[in-house]
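Here, residue 1 is the first one in the sequence, and each next residue gets the next number. All values below come from the heavy atoms of this structure, side chains included, with hydrogens, waters and symmetry mates left out.
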Amino acid sequence: MDLNIFIDGDQGTTGLDLQNRLRGGEFRIRTLPTSLRKDAAARRAALNECDIAILCLPDAAARDAVAMIENPAVRVIDASSAHRTSPGWVYGLPELDAQQGERIASAPRVTNPGCYPTAAVALLRPLTDAGLLPTDYPLVIHAVSGYSGQGRAGAEAHEAGAGGAGAHSLKVYGLALEHKHVAEIETYGGLAQRPIFVPAYGSYRQGIVLTIGLHARMLPSDASGVRIHECLAERYRDAAHVRVLPMSSAVPMTELDPQVHNGSNDMSLAVAFNERTGQIVLSAVLDNLGKGAAGAAVQNLRLMASAS
């Protein structure tokens with residue numbers, strides 16, 4: 001496997017982490033020197049001379065990069081949110097269903113999932129597919145990410161203010177209820193109604209905990225906490241990077257650490273259920289720079305390379 005990979009936007013948080021994950025591996029990695037990163041001609045040439053381009057750019061710049069590609073042989077992985085629900089792009093979550101890995105492997109254009117949607121969709125899609133969760137359920141999704149989710153500039157600003165007046169221990173945002181990830185969650189979660197999504201940044205660098213609360217009385221009669229857990233466990237039984245945590249009434253889960261998967265491409269899912277109250281909490285833990293960004297890009301890259 002001697003593929004030429006060009007990373008456009010190699011100095012952002014995703015781009016830097018991506019290079020670390022690919023260093024010394026099976027691909028020839030190309031980036032532009034500092035003096036040429038904003039040179040349109042140099043970028044156009046690099047984009048058209050590679051086998052696979054990975055875009056680690058803001059949305060507008062990612063759209064511009066795609067427009068520069070004239071070579072029909074060049075394949076693209078876009079790590080921005082520019083094309084997540086665009087026609088002609090394959091959603092880069094291999095665990096979406098049994099055929100998604102094959103779709104990614106043969107796709108000319110792959111859009112990397114967002115970090116929050118990776119967690120939300122992984123929890124929701126098996127349940128909507130199985131009819132255990134009504135597609136119009138009034139969902140409220142809450143998530144806390146490490147501050148690196150703000151991007152390189154935001155992370156540096158947080159670290160510069162650590163211990164001072166500019167630092168925060170928790171910052172809830174997205175309260176205009178227009179977060180760009182919501183359409184992605186609705187589309188790939190199999191939902192018919194827009195969920196409420198409330199994200200936050202914690203004072204740690206990376207890692208996500210996402211939770212979704214459900215009321216058993218609003219679910220189909222067979223949608224118990226145990227049945228929901230069985231559904232998720234069956235869906236991801238053979239998934240290399242997704243683990244469904246055991247469900248035990250004898251040893252109930254009482255807390256979640258957002259940092260347990262940092263540095264990996266893994267994600268854990270869990271179901272907590274209180275039979276007395278009829279309440280269920282679905283949860284997911286992943287590294288926002290791993291399975292939520294660069295790790296997912298590498299997973300998709302290897303799938304695409306296998307078909308080259």
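Under a 4.0 Å N-O distance rule, the pair Arg194/Glu186 does not qualify as a salt bridge. Salt bridge Arg235/Glu95: absent, no basic N to carboxylate O contact under 4.0 Å. Ion pairing between a basic and an acidic side chain is recognised when a charged N comes within 4.0 Å of a carboxylate O; Asp8 and Arg43 show such pairing. Note on Arg28 versus Asp2: salt bridge recorded, some NZ/NE/NH1/NH2 to OD/OE distance being below 4.0 Å.
In this structure, CG on Leu210 lies 8.5 Å from CG on Leu286, to the nearest 0.5 angstrom. A distance of 6.0 Å separates CE of Met267 from NZ of Lys291, quoted to the nearest 0.5 Å. The CD1 atom of Ile228 sits 5.5 Å away from the CG atom of Leu219 when rounded to the nearest 0.5 Å. Here the CG-CG distance, from Leu124 to Leu232, works out to 9.5 Å after rounding to the nearest 0.5 Å. Interatomic distance, CG of Leu139 versus CG of Leu214, reported as 6.5 Å (0.5 Å rounding). Distance check: Tyr201 OH to Ser148 OG gives 9.0 Å after rounding to the nearest 0.5 Å.
Among all heavy-atom pairs drawn from Val260 and Val285, the shortest one is CG2-CG1, 3.6 Å. Residues Gly131 and Pro220 share a closest heavy-atom pair of O-CG, 3.3 Å. Listed here is the closest heavy atom pair of Ala62 and Leu55: O-CD1, 3.8 Å. Residues Leu132 and Ala223 share a closest heavy-atom pair of O-CB, 3.4 Å. Heavy atoms only, all atoms of each residue included: Leu269 and Ala284 are closest at CD2-CB, 3.5 Å. The nearest pair of heavy atoms linking Pro113 to Thr118 is CB-OG1, 3.4 Å.
Residues Tyr188 and Leu93 have side chains not in contact (no heavy-atom distance under 4.5 Å, counting atoms from C-beta outward). A 4.5 Å side-chain heavy-atom check between Ile5 and Cys50 finds every atom pair outside the cut-off. Side-chain atoms of Leu3 and Ile52, non-hydrogen and from C-beta on, do get closer than 4.5 Å to each other. Looking at Cys231 and Leu127, their side chains come closer than 4.5 Å, going by heavy atoms from C-beta outward. At least one side-chain heavy atom of Met218 sits under 4.5 Å from a side-chain heavy atom of Tyr137. Contact check for Val76 versus Ile69: side-chain heavy atoms found under the 4.5 Å cut-off. In this structure the side chain of Pro258 never reaches within 4.5 angstrom of the side chain of Val144, judged on heavy atoms. Using a 4.5 Å heavy-atom cutoff, the side chains of Leu18 and Cys56 are in contact.
Asn112 contributes a side-chain N or O that, together with a main-chain N or O of Ala293, makes up a donor-acceptor pair within less than 3.5 Å. When atom types are taken as modelled, the side chain of Gln100 and the backbone of Gly92 share no donor-acceptor pair closer than 3.5 angstrom. A donor-acceptor pair is defined here as one N or O able to donate and one able to accept, closer than 3.5 Å; such a pair exists between the side chain of Arg84 and the backbone of Ser80. No side-chain donor-acceptor contact under 3.5 Å links His83 to the backbone of Arg63. Put simply, the side chain of Asp51 gets close to the backbone of Asn4: a donor and an acceptor are under 3.5 Å apart. Thr128 places a side-chain N or O within 3.5 Å of a backbone atom of Gly189 that can act as its donor or acceptor partner. Side chain of Asp17 to backbone of Ala294: no donor-acceptor contact under 3.5 angstrom is found. Distance alone, capped at 3.5 Å, is enough to place a donor-acceptor pair between the Asn262 side chain and the Gln206 backbone. The backbone N or O of Glu184 sits nowhere less than 3.5 Å from a side-chain atom of Tyr91 that would complete a donor-acceptor pair. In this structure a side-chain-to-backbone donor-acceptor pair under 3.5 Å is missing from Asp136 to Gln193.
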Exercise. Under the salt bridge (Lys or Arg N to Asp or Glu O under 4.0 Å) criterion, do Arg30 and Asp10 qualify, and how do the steps go?
Worked result: CA-CA 9 Å; Arg30 180 184 178 188; Asp10 59 288; over 6 Å; no
Exercise. Should Ile185 and Ile141 be marked as a side-chain contact (heavy atoms from CB on, under 4.5 Å) after you check the CA-CA gap, both sets of side-chain angles, and the distance that decides it?
Worked result: CA-CA 10 Å; Ile185 294 171; Ile141 302 169; 4.0 Å; yes
For this session: Apply side-chain contact (heavy atoms from CB on, under 4.5 Å) to Leu32 and Asp39, showing your working.
Result: CA-CA 9 Å; Leu32 290 176; Asp39 184 302; over 6 Å; no
For this session: Would you sort out whether Val74 and Leu47 count as a side-chain contact (heavy atoms from CB on, under 4.5 Å), showing the intermediate values?
Result: CA-CA 8 Å; Val74 173; Leu47 286 164; 5.9 Å; no
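In this model, no donor atom of one side chain and acceptor atom of the other lie less than 3.5 Å apart for Asp78 and Thr111. Using modelled atom types and a 3.5 Å distance limit, the side chains of Thr34 and Arg37 yield a donor-acceptor pair. Remark: the Ser81 side chain and the His181 side chain contain no N/O donor-acceptor pair separated by less than 3.5 Å. For His241 and Asp266, the side-chain atoms include at least one donor-acceptor pair closer than 3.5 Å. Residues Gln299 and Asn265 have side chains that bring a donor and an acceptor to within less than 3.5 angstrom of each other.
Ile104 and Leu96 fall into different hydrophobic clusters, where Ile, Leu, Val, Met, Phe, Trp and Tyr are joined by side-chain heavy atoms under 4.5 Å apart, directly or via other members. A single hydrophobic cluster is seen to contain both Leu133 and Val244, as judged by linkage of ILVMFWY side chains at heavy-atom distances under 4.5 Å, directly or through other members. In this structure, Val66 is not a member of the same hydrophobic cluster as Ile7, with clusters built from ILVMFWY side-chain heavy atoms closer than 4.5 Å. Transitive grouping of hydrophobic side chains (ILVMFWY, heavy atoms separated by less than 4.5 Å) keeps Ile77 and Trp89 in distinct clusters. Val121 is not connected to Val140 by any chain of hydrophobic side-chain contacts under 4.5 Å among Ile, Leu, Val, Met, Phe, Trp and Tyr, and they are in different clusters.
Aromatic pair Phe197/Tyr116: ring centres closer than 6.0 Å.
Under a cut-off of 6.0 angstrom, the local environment of CG in Asp222 is crowded, with over 12 non-hydrogen atoms contributed by other residues, nucleotides or ligands.
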